[in-house]
Amino acid sequence: MNDLATHGLAEKLKSGFARGEYVKDGRVIAERNLAEQLDVGRRALRKALDLLEAEGLIWRRQGQGTFVGTPPTPRLRKLEGIATKTSPFEIMEVRQEIEPSMARFAALRASQADIDAMRIMVDNAARATTQGEYEKWDAAFHQKLAESVKNTLFLAVFEAVNAVRRDAAWARLRESSHSDSLINDLSAQHRDIVDAIEQRDPKSAEDAMRRHLAQVEQALKQS
């Protein structure tokens, strides 16, 4: 299926989801049944779903299925209010410990569909016309990378840190530190990470993520 056909199928799915079709209790029906109803192959369907996931219209959870909307924010009692007790540099300290390791595992475990979705997110971030839009796609990229590791506990730790990062005050601080030139640099680093993952090079993926986070931290210090 070419790109035009993929976008057409994605639009058909988007319209159907908006009308409540192909969905039961917020969950998209099984891929096999969905492909039969749409009279398309499973491969073509997955490409269209990847596109919708990259746009933030659906989300997937291993072993649970595909859901319409955005993934729920973790509600961990011990994390409630922690955003007022920590600092951006504590958050970066944790990110620099877990995300390079996740990039390493992603190079070993990410599916081609995961990689394709990450590329869409990276490209959308690079084309962002506002800092808020960049933030949206940057977050989607890091989330997708975490999911591609296929480790439930790793993902839970990542989402816990992300829940703190989504606090409004932190979001304003991040946006104020992101100039256009910095966004260009960070987008290039995103591509380096995905390239290393696609090449199945764990060390390069880990090193690329470490360099990326080091520049994010430096930007925070200068804001």
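The structure presented is a predicted model; accordingly, all values stated were derived computationally and were not measured.
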Taking the side chain as every heavy atom from C-beta outward, state whether [X] and [Y] have any atom pair closer than 4.5 Å.
X      : Y      : answer
Glu53  : Glu147 : yes
Asp138 : Leu186 : no
Val94  : Glu99  : no
Leu145 : Met102 : yes
Ile29  : Val23  : no

Can you name the closest pair of heavy atoms from [X] and [Y] and give their distance?
X      : Y      : answer
Ala10  : Leu52  : O-CD2, 3.7 Å
Leu49  : Ile58  : O-CD1, 3.3 Å
Leu182 : Ala219 : CD2-CB, 3.4 Å
Ala106 : Ser148 : CB-OG, 3.5 Å

What do the steps show when you test Glu217 against Leu213 for side chain to side chain contact (heavy atoms under 4.5 Å, CB included), and what is the final call?
CA-CA 6 Å; Glu217 181 180 42; Leu213 294 176; over 6 Å; no

List the atom pairs, donor and acceptor, that lie under 3.5 Å between side-chain atoms in residues 33-45 and the rest of the protein, sequence neighbours left out.
none

Check: Between the side chains of Ser111 and Asp114, is a donor N or O closer than 3.5 angstrom to an acceptor N or O?
Finding: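 On atom types as modelled, these side chains qualify, holding a pair under 3.5 Å.
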
With no hydrogens and no angle check, just 3.5 Å: does a side-chain donor-acceptor pair link Gln131 and Glu135?
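Per modelled atom types, Gln131 and Glu135 side chains form no pair under 3.5 Å.
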
Q.
Please check this pair: side chain of Arg109 against backbone of Val149, looking for a donor-acceptor N/O pair closer than 3.5 Å.
A.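 Looks like yes, one N/O pair under 3.5 Å.
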
Q.
Main chain of Leu153, side chain of Asn151: is a donor-acceptor contact present, judged purely on distance under 3.5 Å?
A.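 Present.
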
Which residues satisfy the side-chain contact (heavy atoms from CB on, under 4.5 Å) test with [X], sequence neighbours excluded?
X      : value
Arg19  : Ser15, Glu21
Glu11  : Lys14
Glu97  : none
Ser187 : Ala126, Tyr134, Ile183, Arg191

Please tabulate, one pair per line, all N/O donor-acceptor pairs under 3.5 Å involving side-chain atoms of residues 116-125, not counting sequence neighbours.
{"from": "Asp116", "atom 1": "OD1", "to": "Gln112", "atom 2": "NE2", "distance (Å)": "3.0"}
{"from": "Arg119", "atom 1": "NE", "to": "Glu198", "atom 2": "OE1", "distance (Å)": "3.3"}
{"from": "Arg119", "atom 1": "NH1", "to": "Asp195", "atom 2": "OD1", "distance (Å)": "3.2"}
{"from": "Arg119", "atom 1": "NH2", "to": "Asp195", "atom 2": "OD1", "distance (Å)": "2.6"}
{"from": "Arg119", "atom 1": "NH2", "to": "Glu198", "atom 2": "OE1", "distance (Å)": "2.8"}
{"from": "Asn124", "atom 1": "OD1", "to": "Arg127", "atom 2": "NH2", "distance (Å)": "2.8"}
{"from": "Asn124", "atom 1": "ND2", "to": "Ile120", "atom 2": "O", "distance (Å)": "3.4"}

- Query: For Arg95 and Phe158, what are the C-alpha separation, side-chain angles and deciding distance, and is it a side chain to side chain contact (heavy atoms under 4.5 Å, CB included)?
  - Reply: CA-CA 8 Å; Arg95 291 188 69 193; Phe158 171 84; 5.7 Å; no

Which value, rounded to the nearest 0.5 Å, describes the distance between Lys136 atom NZ and Glu133 atom CD?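 These two atoms lie 7.0 Å from each other.
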
- Which residues pass the salt bridge (Lys or Arg N to Asp or Glu O under 4.0 Å) test with Asp50, sequence neighbours left out?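 By the salt bridge (Lys or Arg N to Asp or Glu O under 4.0 Å) rule, Asp50 matches Arg60.
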
What residues form a salt bridge (Lys or Arg N to Asp or Glu O under 4.0 Å) with Glu206, not counting sequence neighbours?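 In terms of salt bridge (Lys or Arg N to Asp or Glu O under 4.0 Å), with neighbours along the sequence ignored, Glu206 is linked to Arg104, Arg210.
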
Output all residues satisfying side-chain hydrogen bond (donor to acceptor under 3.5 Å, both in side chains) with Asp192, sequence neighbours left out; order by chain, then residue number.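 Partners of Asp192 by the side-chain hydrogen bond (donor to acceptor under 3.5 Å, both in side chains) criterion come out as none, since no residue qualifies.
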
- Task: Under the side chain to side chain contact (heavy atoms under 4.5 Å, CB included) rule, what do Leu220 and Met92 come out as? Steps first, then yes or no, please.
- Result: CA-CA 10 Å; Leu220 287 172; Met92 289 308 305; 3.7 Å; yes

**Request:** Sort and list the pairs that fulfil ring-ring contact (aromatic ring centres under 6.0 Å, His included) and have at least one residue in residues 181-216, not counting sequence neighbours.
**Result:**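 The answer is Phe141-His190, His142-His190, His142-His212, His190-His212.
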
ask   = Which pairs count as ring-ring contact (aromatic ring centres under 6.0 Å, His included) when at least one residue sits in residues 87-121, sequence neighbours excluded?
value =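 Applying ring-ring contact (aromatic ring centres under 6.0 Å, His included) to every pair that reaches into residues 87-121, excluding sequence neighbours, yields Phe105-Phe154.
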
Would Val68 end up clustered with Leu51 when hydrophobic side chains under 4.5 Å apart are linked, directly or stepwise?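 Shared cluster, no.
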
Handout entry: Phe67: ring-ring contact (aromatic ring centres under 6.0 Å, His included) partners, not counting sequence neighbours
Key =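 For Phe67 the ring-ring contact (aromatic ring centres under 6.0 Å, His included) partners, ignoring immediate neighbours, are Trp59.
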
Would you say NZ of Lys150 has more than 12 non-hydrogen atoms from neighbouring residues, nucleotides or ligands within 6.0 angstrom?
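Yes, because the 6.0 Å sphere around NZ of Lys150 holds more than 12 heavy atoms from other groups.
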
